[in-house]
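Note on naming: letters A, B, ... go to the chains in the order of the sequence lines (proteins, then strands), and numbering restarts at 1 for each one.
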Amino acid sequence: MFLGFGEEISWGQRLFGFGTPKLINKYNVQGEFNLHNLDIFNIRNFDGNLKTGVERILSINFLYRLFWLGYALLLPAIYQFSIFIRYVVDKIRLPLPPINLGIFFLINWIVYRTIFQFFLPEGKTQHYYDTILEQMECISAFLFFMLSIYFYNLYKTKILDA
Amino acid sequence: MKIDKKHNRVFMTYAIPIILISITSYSIYAFLPEATISTLGEEDHLIEYLTAFFFLLAGIFFLLAFLTKKTFFYYYWLS
């Protein structure tokens, strides 16, 4: 989560006004001091075109989606059926999201895709279409925030009960 | 029955803000002009700063939860 925070604000580059090192600048699509806009992770190439196929799998947007899909939806689902997964999760005491909160990640993505595909008018600027992707990421960050409060309240209550 | 009601109340505590934030966020396409929407989604503008802010808050509360529960990792690496 802290990595996500730092990356989103390019580790305070605008805030503190420091420049981008030459090496990072060379490989960063937006010329910023962060990892997620490096050519290998960015959703677009240097020429501004959206990546496709295998290249797209390595994009940070895709990896982030895999992360929330795995952690907030698949893990709680598999936990119910797999003895091995249940043993590992319990052993390391990994906070397991409740599936009825995890499902909101999927709903958020479905709403985003639906609006993007069927409701946005054609012929607008690129920024106009990029905004909805930023909104989807913003809501997913809010969902992680809600999850973190859920875990905090859960553990605090358990300790107080004990 | 009491447990079910309590569980539902807890769930709604989290679900209501999520639904309200989502509806408010996506409804801007119905109300705001194109130029405003485009500006909001640009780098270093409101939506990106909000995303960063939520990640920061999530990080803080995950850390607090971690310190409260004292997980496997806490015992083996930090204690």
Check whether [X] and [Y] end up in the same hydrophobic cluster, where Ile, Leu, Val, Met, Phe, Trp and Tyr are linked by side-chain heavy atoms less than 4.5 Å apart.
X: L69(A); Y: L147(A); result: yes
X: I57(A); Y: W109(A); result: no
X: I23(B); Y: L20(B); result: yes
X: I83(A); Y: L94(A); result: no
X: F55(B); Y: L66(A); result: no

field: Y14(B)-N153(A) side chain donor-acceptor pair, cut-off 3.5 Å
entry: yes

task: Return yes if a side-chain donor-acceptor contact under 3.5 Å exists between T51(B) and E137(A), otherwise no.
output: no

Just verifying a value: how many Å separate [X] [atom1] and [Y] [atom2], rounded to the nearest 0.5 Å?
X: M146(A); Y: F54(B); atom1: CE; atom2: CZ; value: 8.0 Å
X: L143(A); Y: S22(B); atom1: CG; atom2: OG; value: 6.5 Å
X: Y155(A); Y: F66(B); atom1: OH; atom2: CZ; value: 11.0 Å
X: C138(A); Y: L46(B); atom1: SG; atom2: CG; value: 7.5 Å

query: If you tally heavy-atom pairs under 4.5 Å against chain B, which of I107(A), I149(A), D130(A), L120(A) wins?
result: I149(A)

- request: Taking E134(A) for its side chain and E48(B) for its backbone only, find out whether a donor-acceptor pair lies under 3.5 Å.
  value: no

If you look at every heavy atom in [X] and [Y], which pair is closest and at what distance?
X: I132(A); Y: Y29(B); value: N-OH, 2.9 Å
X: N100(A); Y: F11(B); value: O-CE1, 3.3 Å
X: I47(B); Y: T131(A); value: CD1-CG2, 3.7 Å

- line: Pair count under 4.5 Å, heavy atoms only, with chain A: among L50(B), T39(B), I21(B), I18(B), highest is I18(B)

Is any side-chain heavy atom of [X] closer than 4.5 Å to a side-chain heavy atom of [Y]?
X: F151(A); Y: F61(B); result: no
X: F142(A); Y: P17(B); result: yes
X: T114(A); Y: Y26(B); result: no

- request: Please list, in residue-number order, every residue in residues 122-129 of chain A that has a heavy atom less than 4.5 Å from any heavy atom of chain B; write 'none' if there are none.
  value: K124(A), T125(A), H127(A), Y128(A)

Considering only heavy atoms, which portion of [X] lies under 4.5 Å from any heavy atom of chain B: side chain, backbone, both, or neither?
X: I139(A); result: side chain
X: F144(A); result: both
X: Y112(A); result: both

- line: Okay, I60(B) and chain A: the region with an atom under 4.5 Å from a heavy atom over there is both

Flag if over 12 foreign heavy atoms under 6.0 Å of OH, Y64(A): yes

